[in-house]
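Okay, so here's the structure we're looking at.
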Amino acid sequence: MDKKILFGGLAMVITGLILLAIINANTPIGQPGMSEEEIIDLLTQEQENKDMNTLASILTGVGFLLVLISFGARRRNKESSKKEEKKPQT
């Protein structure tokens, strides 16, 4: 297990989840009787909120993948990376 990758992945997962909570708490809401300009502003804010939600989800997903990768990652020794050449016997 590689601890650098594990802690980096955990940091990304935690950051992504916090961002998701903040973004979802600040969802723009429309009201009846809005002017045309207010409707356009609301639609723009909704699109920005959706885009930020997507980016935070990607951050969380990449962090989760790093956590999974860290369990399969092993450090190699310099000695084990060298291959021994065997001569065929004649």
Side-chain angles (χ1 to χ4, degrees):
M1 177 176 10
D2 192 356
K3 291 183 181 180
K4 288 181 183 179
I5 297 175
L6 176 66
F7 291 131
L10 284 175
M12 290 175 75
V13 168
I14 292 169
T15 304
L17 290 175
I18 290 171
L19 286 173
L20 281 170
I22 292 171
I23 291 169
N24 287 328
N26 295 330
T27 305
I29 300 173
Q31 300 173 355
M34 294 172 57
S35 68
E36 192 70 31
E37 186 176 318
E38 291 173 334
I39 292 173
I40 292 171
D41 288 340
L42 176 66
L43 292 175
T44 304
Q45 290 175 355
E46 285 178 349
Q47 185 63 41
E48 288 175 359
N49 192 1
K50 182 180 176 187
D51 294 342
M52 294 300 255
N53 196 349
T54 302
L55 289 174
S57 298
I58 290 171
L59 178 67
T60 305
V62 170
F64 182 69
L65 287 175
L66 284 177
V67 169
L68 291 179
I69 289 170
S70 72
F71 287 112
R74 294 184 184 156
R75 293 190 179 225
R76 294 186 178 192
N77 295 335
K78 291 182 180 179
E79 297 169 3
S80 66
S81 63
K82 295 179 183 177
K83 291 186 176 181
E84 295 180 13
E85 292 184 26
K86 294 183 181 179
K87 294 183 181 180
Q89 295 178 357
T90 55

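Because the structure is predicted, anything quoted here is derived from the model rather than measured.
Clustering ILVMFWY residues whenever any of their side-chain heavy atoms sit less than 4.5 angstrom apart, transitively, puts L42 in the very cluster that holds I39. Hydrophobic clustering, with ILVMFWY side chains joined whenever heavy atoms are under 4.5 angstrom apart, groups L68 together with V13.
In this structure the side chain of T60 never reaches within 4.5 angstrom of the side chain of M12, judged on heavy atoms. You'll find the side chain of L55 stays beyond 4.5 Å of the side chain of L59, heavy atoms only.
Side chains of Q47 and D51: a donor-acceptor N/O pair is present below 3.5 angstrom, by distance only.
Atom CD1 of residue I23 and atom OG of residue S57 lie 8.0 Å apart, to the nearest 0.5 angstrom. In this structure, CG on D41 lies 11.5 Å from CD on E46, to the nearest 0.5 angstrom. A distance of 7.0 Å separates CD1 of I69 from CD1 of I5, quoted to the nearest 0.5 Å. Interatomic distance, L10 CG to F64 CZ, rounded to the nearest 0.5 Å: 10.5 Å. We find the CD1-CE distance between I22 and M52 to be 10.5 Å, quoted to the nearest 0.5 Å.
In terms of the side chain to side chain donor-acceptor pair (under 3.5 Å) criterion, N49 has no residue partners (sequence neighbours excluded).
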What side-chain donor-acceptor pairs closer than 3.5 Å can you find for residues 28-38, not counting sequence neighbours?
residue, atom, partner, partner atom, Å
S35, OG, E38, N, 3.4
E38, OE1, S35, N, 3.0

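Between V67 and S70, the shortest heavy-atom distance links the atoms O-OG, 2.6 Å.
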